[in-house]
K.L.:
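Could you have a look at this structure, given as C-alpha cells, before my questions?
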Amino acid sequence: MSRYLTEINSIIAGHVNSLENALVYGENLDRGSYLSGLSRNLTASETRRIVNVGNCEYTHCGVGFGAMMGGVNAVLFVKQLDFMLLGMDHFVSTYHSIRASKIENLGSFTIVAAVYDQGFQGPQSSFNALQDICSMARISGFTLTNSADAEAVAAREISAPGFRILALSQRCAGDSIFTPNTLEQSSDCSTFRYQTGTDLSIVCANFSLPYGLELAKAMGQHGLSASLLSVNPVNAPDWSLLLEDAAKTGRVLVLDDAKGFNGLGTAVAQIVQQARTETRVHLCKRSARIDFGVSLDAFDAPSIDVVLRTFGLTGALL
Amino acid sequence: MNITSILAGDLQRLEPKKFGPAGRMVQLRLWQHLVNELLKQKSFQVPVHLGFGTEALVTAIDEALTTDDELVLTHRNAVFNMARAESLHPILNEYRMLESGHGAGKLGSMNLSNPAGGVTYSSSILGNNLSVACGLAFARAIRPSPGIVCAVTGDGAMEEGAFYESLVFARSHGLRVLFVVDNNDHSMVSKIHERRCNIHIASLCEAVDIPFQLLEGDDLETYIATTKKLRKAVAENNSPACIEFRTCLLNQHAGPTPGWPTDPLRIDLNDGLLIGDASKDPIAKLQATLGSTSFETITCHLGVAPLC
Ligand SMILES: Cc1ncc(C[n+]2csc(CCOP(=O)(O)OP(=O)(O)O)c2C)c(N)n1
Ligand SMILES: [Mg+2]
C-alpha cells in the first residue's frame, strides 16, 4: 500500500511534469528533503522552469498571478499553508481584478501547500482551514485526502486557466493512502462519493475523511450501511450529488476538522437542512477554541455509539 | 560524560560577576549540547532550532542590552532564550509541553518567549516579528519608557518585504529598534546564492539613513563593544540601527544533529564542547583568546572540564 505523501506527490508531479510554458517554484523546492517529499520528481524542460526562490511569499503570490496573466502555467509549492496568509491580498484583490478583466490566453496558477495541524509545532503553525482562505477570496480549494480525489482534482485543475489551491495533510504523510474502489463525483470536484449506503450519509470536510472512513466501517460492523462522501470549498459548487445522497438516507453526519468558527462543514449542514427539511442533520465541527498541545487541539470525532444514538439508529454488532 | 547526571542538576545560570560573558558563552554551548542530546533521544515533540555557532552573537546582545530593553526573536530563539533564563529547566519543560515551562507548555519552541527575562515575543513566521518590534518600540514612545527593542532576523527572513518596511517605519517614526541580522548563509537547506542575489545591507541601511555595522570573526570583546555602541546610539538618538553578524550554523536547521544516520554533520557532547576549529567555532575562538587555563576554570565549574 502506498504512503499518502508519496502517492500525492507522484500524482501532482505527474501532472506538473506535463505542463508547457510553466514556472514551477518554491522555497527550497529542489533541495534537502524536497519539502518533506512534496516537491520530489519534478522535471524541467525547455519550456518548464524549476526555480528555487527566496522567502518572500507575498511576492511569490503576486508573481504567480502575473505569470498567469502572461499566459504561463505557474505552480507554487509551499511547505506550510500558514505562509500563504501573506498572499491573502493577492488572492482577494489581485485575482478579483483578473477575473473582472478580459485577459486573452490566461494561464493558470496553482498553489500546492501542506497543512500542518498536528498541534505541537507552535501556536502560529496550526492553521488548517483552507476553506477560510477560499471563502474570503471566493476561490476554489481542494483538500486532497485520497488517491482518487487527488488524481481527479490534479487532472482537472493543474493546467486549467485560473487559480486554485490544492492542500494536503502533513499529519497523514506517512499513513497508507485511502484508495477507493468506486468514485462518483460532481464535475466541479466539490463532492466525491466513495461508497453508497441507505442508513446514513457521512460527509467529510477538510481533512476529516480518515474519521469518516472509520465510522463507515463501524456502521458496516453494526449491520448498517453508510454513504461516504467528501466535500471541497469550491466557488459556486454543484451540490446535487450531496443532496441526492441526503434524500436517500434521510440522515446526514457532517464532519469538519478545520479550526474556525463556521466554514464548509457548517455551510454544507445548512444547505442540506434547507434543501431537505425532513433530513436529520448533525454537524461535528472542530472547536474554534484557541488551545495548543496535541491532546487539547485534537479533532473530537464522534464514536460510533454516539452516532447511532444521535440518529436513533439501532445496530447489532455483527 | 554523564549527561543524565548533568541534566539532573539545577542547571543554574553561572554567576555573572565571577565568570563574566565568557562564562555565559561557554554555558550556552553546554546547554545547547544538552538539548541536542535530548533531541537525539526524541525527548521532545516540538522541533527545536538550535544555534551552535551563534554563541558570540547571542552573548554580545545579552551583554549589551539593559534590563529596560526587550528582545523580539525568530524561530531560532533557543540560544537567546537560554541566555535570558536563570535555569535551563523551564526551557526543557516548555519543550516537553509542561506547565512548568517558560510558556506554560503552550508556546513550544518556535514561539518561545519569556517576558520576565526580557524576551517579549518570538515568531515562527519569517519577518513577522519585525513589525511587532516596531509596535513595541512605538509603545515605548507613546507611554514614555526607557530602553530599546532588539529585533533579530536572519538572512532568509530578511527577504520578506517586512524587513524593508520595518526599517523604513522605524526610521520614519524615530523608533528605538536595534535590528540584528544573523547571517549564517542558510535558509532551511538553501545557501544565499542558491535562492537569491546578494543583498548589501549596508547600502540598504544607508538608503534609509540607518547606522549599520557588519561584524564577523566571533571576537567576543569586539562584538560586545560594538553592540553596546549601537545600542547606545539607538537609545540616545531615538532612531533605529542595524547590525549584521556573519555566523556559521554548525547544526542542522532543526532537530538533532546528526539528523539522520549518514548526516555528515556530527555533534556529540562526548566529543567535547567544541565542534570545529577557531575559524568557524566561536567557542574554539574563545578558548584561543582566553588561554587554556581561564577556559578550563569555566569548563571545570560547569562540570565538563575533561571534555575540552
Ligand atoms: C513566512 C514563512 N515562510 C517560510 C517559512 C519556513 N522557514 C522556516 S525557517 C526558514 C529559514 C529561515 O532562514 P533564516 O531567516 O536565515 O533563519 P535561520 O534558520 O538561518 O536561522 C524558512 C524558510 C516560515 N517559517 N515563514
Ligand atoms: Mg539563515
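On a predicted model such as this, the values are computed, not experimentally measured, just so you know. Letters go in sequence order (proteins before strands), and every chain restarts at 1.
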K.L.:
What's the spacing between L85(A) CG and I125(B) CD1 if we round to 0.5 Å?
P.N.:
7.5 Å
K.L.:
Report, one line per pair, each donor and acceptor closer than 3.5 Å where one atom sits in a side chain of residues 22-29 of chain A; sequence neighbours left out.
P.N.:
residue : atom : partner : partner atom : Å
Y25(A)  : OH   : H60(A)  : O            : 2.8
Y25(A)  : OH   : G64(A)  : N            : 3.1
N28(A)  : OD1  : V189(B) : N            : 3.4
N28(A)  : OD1  : S190(B) : N            : 3.2
N28(A)  : OD1  : S190(B) : OG           : 2.6

K.L.:
Rounded to the nearest 0.5 Å, how far does CG of D82(A) lie from CG of N128(B)?
P.N.:
11.0 Å
K.L.:
Please rank R196(B), H75(B), E194(B) by heavy-atom pairs under 4.5 Å with chain A and give me the top one.
P.N.:
E194(B)
K.L.:
How about CZ on R49(A), more than 12 heavy atoms from neighbouring residues, nucleotides or ligands closer than 6.0 Å, or not?
P.N.:
no
K.L.:
Tabulate, in ascending numerical order, the residues of residues 155-163 of chain B having at least one heavy atom closer than 4.5 Å to a heavy atom of chain A, or enter 'none'.
P.N.:
G156(B), A157(B), E159(B), E160(B)
K.L.:
Just verifying a value: how many Å separate S124(B) OG and Q80(A) CD, rounded to the nearest 0.5 Å?
P.N.:
7.0 Å
K.L.:
Answer yes or no: are there more than 12 heavy-atom neighbours, outside K280(B) itself, under 6.0 Å from its atom NZ?
P.N.:
no
K.L.:
Would you sort out whether K79(A) and M188(B) count as a side-chain contact (heavy atoms from CB on, under 4.5 Å), showing the intermediate values?
P.N.:
CA-CA 11 Å; K79(A) 186 170 167 57; M188(B) 299 200 75; 3.5 Å; yes
K.L.:
Determine whether more than 12 heavy atoms belonging to other residues, nucleotides or ligands lie under 6.0 Å from atom CE of M88(A).
P.N.:
yes
K.L.:
Around F212(B), counting heavy atoms of other residues, nucleotides and ligands shown, do more than 12 lie under 6.0 Å from its CZ?
P.N.:
yes
